[in-house]
Structures are given as structure tokens and as C-alpha cells.
Amino acid sequence: MGDVLRKLGSLAVSGVWQLGFIARFFVLILRYSGQSFLRLHLTIRELYFSGVMSLLIILVSGLFVGLVLGLQGYEILQRYGSSEAMGTMVALSLLRELGPVVAGLLFASRAGSAVTAEIGLMKVTEQLKAMDMMAVNPIARVVAPRFWGGVVSMPLLAALFSTMGIFGGWLIGVVFIGVDDGAFWSQMQAAVDFRYDVLNGVFKSTVFGVAVALIAVFEGYDCVPTAEGVSRAITRTVVSSALAILALDFVMTSFMFRGL
């Protein structure tokens with residue numbers, strides 16, 4: 001019993017220490033972000049790396065999610081004689097939940113893991129130490145541009161994911177199944193609220209972007225400088241990002257859409 005308590009206590013202390021270290025790391029990123037913005041080309045390059053290079057998987061995944069939503073939604077709504085409301089169901093599902101969450105998970109697995117690997121390999125090859133020796137702050141030069149690249153990319157990718165999903169729902173519902181085109185769009189337009197649906201979805205995706213980008217740069221910067229350490233850091237990035245996205249989604253949903 002004593003050994004179990006000691007292990008639980010050690011895990012608790014280690015977790016609190018880790019959270020404190022992440023918080024300090026986040027403050028340092030914000031502190032040195034001004035220096036990184038002076039080299040705007042670095043942030044733009046990371047925007048391309050995190051955002052543009054993730055477009056293919058985001059667009060294709062969004063299209064297929066919309067197709068599946070359309071098929072499943074039509075089958076369910078048809079039982080109650082409400083097949084014309086398929087556009088509303090697809091749009092609200094994507095804008096409120098599936099768009100930000102699935103795009104965040106894809107972003108973490110593609111861009112987050114790549115950022116962790118890149119920073120981790122720089123630590124293994126002692127490039128970060130070399131920057132310190134040359135009086136170049138590695139957080140301002142390496143970490144902050146990658147962090148802000150992820151933060152800015154995530155809402156844009158989530159918006160494109162939702163757009164492709166709605167297009168997929170329209171494609172399967174109107175073109176292939178035969179739902180009335182006017183009813184599909186008019187009911188969607190009447191049901192979707194810009195503030196409660198669109199803006200809340202954008203806010204969710206922005207928070208997910210901050211969480212994923214912070215976890216990715218932290219795990220890369222804090223990894224053990226070995227090949228095994230980098231691989232473990234990449235695994236922790238994907239797992240921790242997924243858990244953070246799902247937990248934050250529950251918390252924000254409980255506040256945003258309560259009582260609607």
C-alpha cells in the first residue's frame with residue numbers, strides 16, 4: 001500500500017511540475033513573440049508548413065465526412081419526414097463540433113508531430129545550443145514562429161474542413177439522393193446562427209490551435225536528445241493533443257451551447 005501511495009504521489013508531483021514548466025514555457029513564447037514577428041518571413045514559412053501542407057488531408061477528410069453525414073442524416077431524417085432538413089443537420093454538426101474537432105485531430109497528427117520532430121532533431125544535433133552560443137534566442141528564432149504558425153493555421157483549416165463537409169453533404173443529398181436544392185440551402189441558412197454557430201466554431205478551433213501548437217513545440221523542445229527520445233516526444237504530442245482537444249471541446253461546449 002505504501003509503494004502505491006508513493007507512486008501516486010510521485011506521479012502527482014511530476015504532473016504538477018510538468019504543468020508549471022509548460023506554463024513558464026508559454027509565457028516565454030509570448031514574451032519573445034515580438035522578436036519573432038520582426039522576422040515575419042519565419043512565421044510565414046511556418047504558416048505554409050503547418051497550413052498549406054495540411055490542406056490536402058483536411059479537404060479530402062472534410063469531403064468524406066460530409067458525404068457520410070449526408071448519407072446517415074438522410075436515412076435518419078427520412079423516418080420522420082424531415083429529409084429537407086438535411087442541410088441544417090450537416091451544417092450544424094460540422095460548424096459546432098465535427099469541423100473544429102476532426103480538423104484539430106488531423107492537424108495534430110500531421111503538423112503537430114512534424115513540428116515536434118523538427119525541433120527535437122534540432123535539439124539532438126545541438127543546433128539549439130549553437131544558437132544560444134551565438135546569442136540567438138532559440139525560443140524567438142525557432143519556437144515562437146512555429147507556435148504562431150499553428151495558431152493561425154488551425155481556424156483556417158477548420159473553416160475549410162467545414163466548407164468541404166457542407167459541400168459533401170450537398171453533393172450526396174441533392175445531386176445523388178435527390179433532396180430539393182432550395183430546401184437544402186434555405187433551411188440551412190435559416191437555422192445556422194452566425195454568433196452561436198460560426199463564431200463559436202472559430203473560437204473552438206483557435207483554442208485547439210493554441211493547445212496543439214503549444215504541446216508540439218514544448219514536446220520537441222523538452223525531449224530527450226536521442227532518437228528514442230524524439231520518437232517518444234512525437235507520440236506524446238499526438239496523444240496529448242487528442243486528449244486536450246476532446247477535453248477542451250467538452251468544456252467549451254458546456255458553456256457555449258448551454259440552454260440553446
Side-chain angles (χ1 to χ4, degrees), residues 26 29 33 36-37 39-69 90 93-122 142-169 171 198 200-221 223 230-231 233-249 252:
F26 182 56
I29 292 175
S33 292
S36 67
F37 290 151
R39 306 183 185 95
L40 192 58
H41 66 282
L42 297 176
T43 305
I44 293 175
R45 186 182 67 182
E46 297 307 321
L47 276 171
Y48 176 82
F49 177 76
S50 298
V52 178
M53 299 299 289
S54 302
L55 270 178
L56 181 61
I57 187 173
I58 292 292
L59 295 178
V60 173
S61 301
L63 177 63
F64 281 107
V65 167
L67 293 173
V68 172
L69 272 179
V90 171
S93 300
L94 285 166
L95 292 173
R96 288 185 175 186
E97 289 298 324
L98 290 179
V101 172
V102 179
L105 295 174
L106 293 172
F107 181 77
S109 61
R110 190 269 159 200
S113 59
V115 168
T116 300
E118 191 175 10
I119 298 177
L121 288 174
M122 293 178 73
V142 174
V143 175
R146 287 165 175 77
F147 172 79
W148 289 111
V151 172
V152 175
S153 298
M154 183 61 229
L156 300 176
L157 293 173
L160 291 172
F161 183 95
S162 299
T163 302
M164 285 299 294
I166 293 172
F167 173 74
L171 189 65
V198 178
N200 282 341
V202 172
F203 178 75
K204 273 188 177 184
S205 59
T206 304
V207 174
F208 295 160
V210 172
V212 172
L214 179 60
I215 291 171
V217 296
F218 172 77
E219 291 293 351
Y221 196 84
C223 73
V230 173
S231 66
I234 295 171
T235 303
R236 286 196 303 268
T237 294
V238 176
V239 174
S240 301
S241 297
L243 294 176
I245 287 171
L246 296 175
L248 289 171
D249 178 58
M252 288 187 289

Nearest-0.5 Å distance that lies between atom CG in Leu95 and atom OG1 in Thr163: 8.0 Å
Could you give the distance from CD (Glu219) to OG (Ser113), rounded to the nearest 0.5 Å? 12.5 Å
CZ/Phe37: more than 12 non-hydrogen atoms of other groups inside 6.0 Å: yes
What are the two closest heavy atoms between Ser61 and Phe161, and how far apart are they? C-CE1, 3.7 Å
State, to 0.1 Å, how close Tyr221 and Val143 come at their nearest heavy-atom pair, and which atoms those are. CD1-CG2, 3.9 Å
Just how far is it from atom CE of Met164 to atom CG of Leu171, taken to the nearest 0.5 Å? 9.0 Å
Beyond-backbone contact of Met154 with Lys204, side-chain heavy atoms, under 4.5 angstrom: no
Test side-chain contact (heavy atoms from CB on, under 4.5 Å) on Leu98 and Leu69; report intermediate values, then the result. CA-CA 10 Å; Leu98 290 179; Leu69 272 179; 3.6 Å; yes
Of all the heavy-atom pairs spanning Leu248 and Val207, show the shortest one and how long it is. CD1-CG1, 4.0 Å
Taking it one step at a time, do Leu106 and Arg110 satisfy side-chain contact (heavy atoms from CB on, under 4.5 Å)? CA-CA 6 Å; Leu106 293 172; Arg110 190 269 159 200; over 6 Å; no
Calculate, to the nearest 0.5 Å, the distance between atoms CD1 and CG belonging to Ile58 and Leu160 respectively. 8.5 Å
When every non-hydrogen atom of Phe208 is compared with those of Ile245, the smallest separation belongs to CE2-O, 3.5 Å
So, taking the atom named CD1 in Ile119 and the one named CZ in Phe147, what distance separates them when rounded to the nearest 0.5 Å? 11.5 Å
Are any of the side-chain heavy atoms of Ile44 and Tyr48 separated by less than 4.5 Å? no
Donor-acceptor contact below 3.5 Å, side chain Ser205 vs main chain Val202: yes
What pair of heavy atoms forms the shortest contact from Leu63 to Gly168, and how long is it? CD1-CA, 3.8 Å
Interatomic spacing from CD in Glu46 to CE in Met53 - rounded to 0.5 Å: 12.0 Å
Can you tell me which residue pairs pass the side chain to side chain donor-acceptor pair (under 3.5 Å) test with a partner in residues 237-247, sequence neighbours excluded? Thr116-Thr237
Which atom of Ser50 lies closest to which atom of Leu157, heavy atoms considered: O-CD1, 4.0 Å
